[in-house]
Structure formats: structure tokens, C-alpha cells
Amino acid sequence: RYGIPQSGATDRGWMIAANHLVGNPENNPAIEFALAGIELITIEESFVSVVGAKMSVNGLEIRELSTTLKAGDELKISKPSLKYAYLAIAGLLQAEKDFGSYATYPRAGFGGVDGRALIKGDDLITVGKINQPKNKKPAISKDFNESTRVRIMKGPEWDVLKEIPSSKTFHIDPSSDRMGIRLSGRPIEANFREIVSSAVIPGTVQLPPDGRPII
């Protein structure tokens, strides 16, 4: 009823893996970044992990997924190998918790650090006892050759479609966000007309006038 969309990590599995690598509970806040890398200077000794990107310390590449940093070390993290990557820091990262979540919601201006994306000059502070993991490190892999069949249920406006969309092949468009996954490909033809506005739920497929679906 508050109109807040689903949030949290875009790739929850990778965020959990990053937390496990430094001995954190899986739901501890972590840093998610997309499209570009980040650079940080360590204020005090820290134990960190990076999942989904490569990291270097003081110019030396780190092949492990986790490493200990000394005060003054320069940590550079590359552009994500896919779209998103995660940095976890051992301990509880200080962040605002709203509606049971540490996630940042920039459009509404709450959560995380002042409800916005991190900017140059921000300090990331952790508290609590740091427990380096004693168990075997989690396996981190993705199989991009798997295919999944998606079942489509007819909605109230199904009759305006000129063709069945299940025969199409689409790609996820870079403009996608947590509100909706935008698909690119050959547009779906339909007899578009103005319809009554209605609520949508996760899984709803919207077909805008350009014929490219939003899930």
C-alpha cells in the first residue's frame, strides 16, 4: 500500500555469495554496482570480497574472490563482467534500514546512504565483530546455456494482439530496472487503443505503443 516496488539486490545469489565469502549473514547490506567499476581507499584494516568483477590492490591484481586490506590500501574494482557486481565488507555495513530493508530507493530518497547512489567522498563504515569464514568458500558460477520455458496467461487486452508473442525472441534492454525488464527485438503488432489504467503485479507484461514488451 505504500507503492514501493520490489527492491534489494538485482542478483540476490551473487550478493549472498559475496557476504558468505567474508563471513557475513546473507542479508547484510553490500554494495551493488553496475556498468562501471569503482575505486576505494581503505581507512582501516578490512576483509572484503568482490563477486562479478575483478579487483586489484595497489595496482596488483587479486585472483582470489576475497582479500584483507590494510589502512591506506587502494582498492580498484573493474567494470562488472555482466551488468551487476557486488562488494561485501566483513561486519555490518552502516546503512539506513527502511521497511525492513537496507536497499537504497533513490526515487523516494530513503534507504542505504541518504537514499541515494554512493558518491565520491562517502565513508563506508562497518561495526561488529569480524568473523572470517571457516567453511568452504561458496561455488560461484552461472550457466548461461540453460533455457527456461515461460508460460503466458492471457490478460484482459489479449484480443488486441495481432499475433501470438510466444514465437518471438527478445533480448533484455539496457534501460531495464527493478520496476520493469524492457525487451528489445522485432515489435509485437497490436491494435493499440487507450485502455483503463489498472494496477500491475510482478509478472505482468505490458505492451507499449512501440510494440516492445515490459515485464
Side-chain angles (χ1 to χ4, degrees), residues 1-18 26-27 30-38 51-54 77-87 98-112 115-118 139-215:
R1 66 185 182 273
Y2 297 109
I4 299 171
Q6 179 174 310
S7 51
T10 304
D11 192 321
R12 179 170 169 76
W14 277 21
M15 185 202 77
I16 290 173
E26 64 180 38
N27 287 322
I31 305 300
E32 177 183 86
F33 53 102
L35 303 178
I38 56 177
V51 175
K54 296 179 179 180
I77 307 176
S78 71
K79 174 183 177 180
S81 54
L82 298 175
K83 185 175 181 181
Y84 293 93
Y86 296 85
L87 164 66
D98 289 288
F99 299 97
S101 174
Y102 291 106
T104 306
Y105 184 23
R107 291 184 182 180
F110 61 76
R116 57 165 172 75
L118 295 176
I140 301 173
S141 64
K142 285 186 182 291
D143 186 353
F144 295 99
N145 295 317
E146 287 188 1
S147 61
T148 301
R149 183 180 298 274
V150 178
R151 185 168 66 99
I152 298 175
M153 298 179 66
K154 295 181 180 181
E157 292 80 31
W158 181 265
D159 61 326
V160 306
L161 296 177
K162 290 183 178 180
E163 53 186 331
I164 305 299
S166 59
S167 62
K168 303 297 179 186
T169 298
F170 294 97
H171 297 279
I172 295 177
D173 192 88
S175 64
S176 300
D177 58 22
R178 288 173 176 79
M179 292 286 287
I181 298 173
R182 297 175 182 270
L183 303 181
S184 61
R186 190 169 70 83
I188 295 175
E189 294 187 18
N191 294 312
F192 288 101
R193 62 173 185 263
E194 187 173 354
I195 63 174
V196 176
S197 295
S198 59
V200 296
I201 61 174
T204 297
V205 180
Q206 178 182 355
L207 188 64
D210 65 5
R212 292 179 171 84
I214 301 173
I215 303 174

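Not measured: the values here are computed from a predicted model. Both backbone and side-chain heavy atoms feed into the values below; hydrogens, waters and symmetry mates do not.
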Exercise. Which pair of non-hydrogen atoms, one from Pro80 and one from Ala53, has the smallest distance, and what is that distance?
Worked result: CA-CB, 4.0 Å
For this session: State, without any angle test, whether Glu32 and Tyr86 hold a side-chain donor-acceptor pair at a distance under 3.5 Å.
Result: yes
Exercise. What orientation do Tyr105 and Phe110 show, parallel under 30°, tilted 30 to 60°, or perpendicular over 60°?
Worked result: perpendicular
Problem set entry | Trp158/Ile152 under side-chain contact (heavy atoms from CB on, under 4.5 Å): CA gap, chis, key distance, verdict | CA-CA 11 Å; Trp158 181 265; Ile152 298 175; 3.9 Å; yes
Problem set entry | Distance-minimising heavy-atom pair for Ser81 and Trp14 | OG-CH2, 4.4 Å
For this session: Could you tell me whether the side chain of Thr104 and the main chain of Pro106 form a donor-acceptor pair under 3.5 Å?
Result: no
Side-chain atoms of residues 203-211: list all donor-acceptor pairs with protein atoms under 3.5 Å, sequence neighbours left out, distances to 0.1 Å.
| unit_1 | atom_1 | unit_2 | atom_2 | d |
| --- | --- | --- | --- | --- |
| Thr204 | OG1 | Ile201 | N | 3.2 |
| Thr204 | OG1 | Ile201 | O | 2.9 |
| Asp210 | OD1 | Arg212 | N | 2.9 |

Problem set entry | Within 6.0 Å of NZ in Lys83, more than 12 heavy atoms from elsewhere | yes
For this session: Examine distances only and state if a side-chain atom of Ser78 and a backbone atom of Gly37 form a donor-acceptor pair shorter than 3.5 Å.
Result: no
For this session: Could you pull out the closest heavy-atom pair between Met15 and Asn27, with the gap in Å?
Result: CE-CA, 4.5 Å
Exercise. Is there a side-chain contact between Arg182 and Ile172, using heavy atoms and a 4.5 Å cut-off?
Worked result: no
Problem set entry | By ring pair (Phe, Tyr, Trp, His ring centres under 6.0 Å) - contacts of Phe33 (at least two apart) | none
Seminar exercise, completed: In this structure, CD1 of Ile214 is separated from OG of Ser175 (nearest 0.5 Å) by 8.0 Å
Exercise. Should Ile181 and Phe170 be marked as a side-chain contact (heavy atoms from CB on, under 4.5 Å) after you check the CA-CA gap, both sets of side-chain angles, and the distance that decides it?
Worked result: CA-CA 11 Å; Ile181 298 173; Phe170 294 97; over 6 Å; no
Seminar exercise, completed: So CD1 of Ile38 and CD1 of Ile77: to nearest 0.5 Å the spacing works out to 4.0 Å
For this session: Pick out which of Thr10, Leu35, Val51 makes a side chain to side chain contact (heavy atoms under 4.5 Å, CB included) with Tyr84.
Result: Thr10
Problem set entry | Side-chain donor/acceptor of Ser184 to backbone N/O of Asp173, under 3.5 Å | no
For this session: Hey, could you give me the NZ/CG distance between Lys154 and Asp159, rounded to the nearest 0.5 Å?
Result: 10.0 Å
Exercise. Between atom NZ of Lys79 and atom NZ of Lys54, what is the distance when rounded to the nearest 0.5 Å?
Worked result: 13.0 Å
